[in-house]
Amino acid sequence: MLRLTLAALGLLAAQAAAQCSREDLIAATDSLLAAQTAGKPDGVAPLADTVTYLEAFKTADITTGILSHPLKIDFNRSLHDTTQCATYTEIVVTDRTHPYVIGTQMRFAGGKIANISSLVTDQGDWLFNATGTYYWATRENWDPIPEDQRDSREVIQAAADAYADLFNDKSVQVPWGHPCARLEGGSYTGSGSDNDRCDVGVPNGVRLTNRRYVIDETLGAVDIFIDFATVPDSHEFRVEKGKLRYVHTITVMGG
């Protein structure tokens, strides 16, 4: 009995050690935004000695990638996953000379950032319109959810998975919110009204696989990096009381 108890305590200790503080994760996403603004990749901190860097789910050179280009960021929002030691940051750049919408997941190992994966979209990517993305994103409410009203990680992920599963199985029951709106590229399924719906325009026969999650219970949000059939994709969800409220997508065409 004592042996089992000690084993259980050891497992709990290992799980606790894997967790990160919200403050540390916020500092990391702040450094990402500052690095992107300055165009200095080494400004992202704290970096591990060896960092895996990807763009469009392919290994890339961080010194010449999007982080090496100084950008004026017009909108951003980050999710902080203290259980997985991971973050997700959505960035919108409306600069007319070269607008972007970027989604970046960062993952920690040993207290330092060991993996940075970005989806960089611009002209020619699916429904790209940075001005439209900025317009609608800034009108949505993704404020922290009161602690006594927060959904569990499991509920948040289940809502997102149900949506993703629907693309290949129309029998799946999705917890649609009322209202609910989807921001797909720069295209919005709603108008900001109580009648907005996000259960429209969902294709059939498409498998959304290889899902990598960043879950933030404080914001009631989850981002999933997905292989959307054959293209790199991000689906970010806001879940309120177990129901989908907002969906944001970023899809790299030809990635």
Side-chain angles (χ1 to χ4, degrees), residues 10-71 73 76-91 100-121 153-154 156-157 160-161 164 208-219 221-228 231-237 248 250-252 255:
L11 177 60
L12 289 173
Q15 290 175 335
Q19 294 183 339
C20 302
S21 75
R22 190 170 184 84
E23 291 73 22
D24 286 346
L25 294 178
I26 290 173
T29 53
D30 284 348
S31 78
L32 172 70
L33 295 169
Q36 187 65 83
T37 300
K40 296 181 177 180
D42 58 0
V44 181
L47 287 177
D49 292 338
T50 301
V51 179
T52 299
Y53 179 74
L54 304 99
E55 290 189 5
F57 302 163
K58 295 179 180 178
T59 302
D61 185 347
I62 193 171
T63 65
T64 57
I66 190 64
L67 280 168
S68 68
H69 300 275
L71 301 176
I73 298 171
N76 73 87
R77 179 178 51 252
S78 292
L79 311 186
H80 303 96
D81 187 332
T82 57
T83 299
Q84 292 192 98
C85 294
T87 68
Y88 172 73
T89 301
E90 180 182 11
I91 291 173
Y100 291 99
V101 177
I102 303 166
T104 299
Q105 287 191 1
M106 298 195 298
R107 298 186 181 277
F108 285 65
K112 294 187 177 181
I113 300 164
N115 184 292
I116 302 173
S117 181
S118 289
L119 296 180
V120 182
T121 60
R153 295 177 61 83
E154 293 75 17
I156 294 169
Q157 180 175 328
D161 276 336
L208 277 57
T209 60
N210 194 22
R211 302 175 190 179
R212 287 87 80 198
Y213 304 87
V214 174
I215 302 171
D216 185 332
E217 301 98 311
T218 300
L219 295 186
V222 54
D223 178 72
I224 316 177
F225 272 9
I226 293 173
D227 293 345
F228 192 109
V231 297
D233 176 271
S234 167
H235 269 63
E236 182 188 19
F237 303 85
H248 284 199
I250 298 174
T251 308
V252 180

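Hydrogens, waters and symmetry mates are skipped; everything else that's a heavy atom, side chains included, is used.
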Whether D49 and K112 form a salt bridge (side-chain N of Lys/Arg under 4.0 Å from carboxylate O of Asp/Glu) is what I want to check. no
Do I102 and L71 have side-chain heavy atoms sitting under 4.5 Å apart? yes
Please report the C-alpha distance between I156 and F237 in whole Å, then the side-chain angles of each, then the deciding distance to 0.1 Å, and finally whether the side-chain contact (heavy atoms from CB on, under 4.5 Å) criterion is met. CA-CA 8 Å; I156 294 169; F237 303 85; over 6 Å; no
Under 4.5 Å between any side-chain heavy atoms of I116 and L54, yes or no? no
If you compare all heavy atoms of I224 against all heavy atoms of A160, which two are closest, and at what distance to 0.1 Å? CD1-CB, 3.8 Å
Nearest-0.5 Å distance, CD1 of residue I91 to CD1 of residue I250: 9.5 Å
Quick one: does V214's side chain get under 4.5 Å of R107's, heavy atoms only? yes
To the nearest 0.5 Å, how far apart are OG in S68 and CD1 in I62? 9.5 Å
Look up atom CG in D61 and atom CG in L67, then write down how far apart they are to the nearest 0.5 Å. 11.0 Å
Carefully, step by step, assess S117 and Y53 under the rule side-chain contact (heavy atoms from CB on, under 4.5 Å). CA-CA 6 Å; S117 181; Y53 179 74; over 6 Å; no
Drop me the distance from S78's OG to I26's CD1, to the nearest 0.5 angstrom. 9.0 Å
At their closest point, which heavy atom of A114 faces which heavy atom of A48, and how far apart are they? CA-CB, 4.2 Å
Going by atom type alone, with no hydrogens or angles, which donor-acceptor pairs under 3.5 Å involve a side-chain atom of residues 34-45 and a protein atom two or more places apart or on another chain?
residue : atom : partner : partner atom : Å
Q36     : NE2  : I66     : O            : 2.8
Q36     : NE2  : H69     : O            : 2.9
T37     : OG1  : L33     : O            : 2.8

List the steps and the verdict of side chain to side chain donor-acceptor pair (under 3.5 Å) for T251 and D233. CA-CA 4 Å; T251 308; D233 176 271; 2.6 Å; yes
A side-chain contact here means heavy atoms from C-beta on lying under 4.5 Å apart; do L32 and T104 qualify? yes
Using modelled atom types only, decide if a donor and an acceptor are shared between the side chain of Q19 and the backbone of C85 within a distance under 3.5 Å. no
Between T87 (side chain) and L79 (backbone), is there a donor-acceptor pair under 3.5 Å? no
Side-chain contact, heavy-atom cut-off 4.5 Å: T89 with R77? no
Rounded to the nearest 0.5 angstrom, the OH-CG distance for Y88 and L119 is 7.0 Å
May I ask you to decide if the ring planes of H235 and F228 are parallel, tilted or perpendicular, using 30° and 60° as cut-offs? parallel
Could you tell me whether R211 and D227 make a salt bridge, using a distance below 4.0 angstrom between a side-chain N and a carboxylate O? no
Please walk me through it: do N210 and F225 pass side-chain contact (heavy atoms from CB on, under 4.5 Å)? CA-CA 8 Å; N210 194 22; F225 272 9; over 6 Å; no
Just so I know, are the side chains of D81 and R153 near enough to count as touching, which here means a heavy-atom distance under 4.5 Å? yes
Test log, rule side-chain contact (heavy atoms from CB on, under 4.5 Å), inputs H80 and T218: CA-CA 9 Å; H80 303 96; T218 300; over 6 Å; no
What closest approach, in Å, do A28 and I113 show between heavy atoms, and which atom pair accounts for it? CB-CD1, 4.1 Å
Hey, are the side chains of D216 and V222 touching, using non-hydrogen atoms and a 4.5 Å cut-off? no
Between D223 and R212, is the closest basic N to carboxylate O distance under 4.0 Å? no
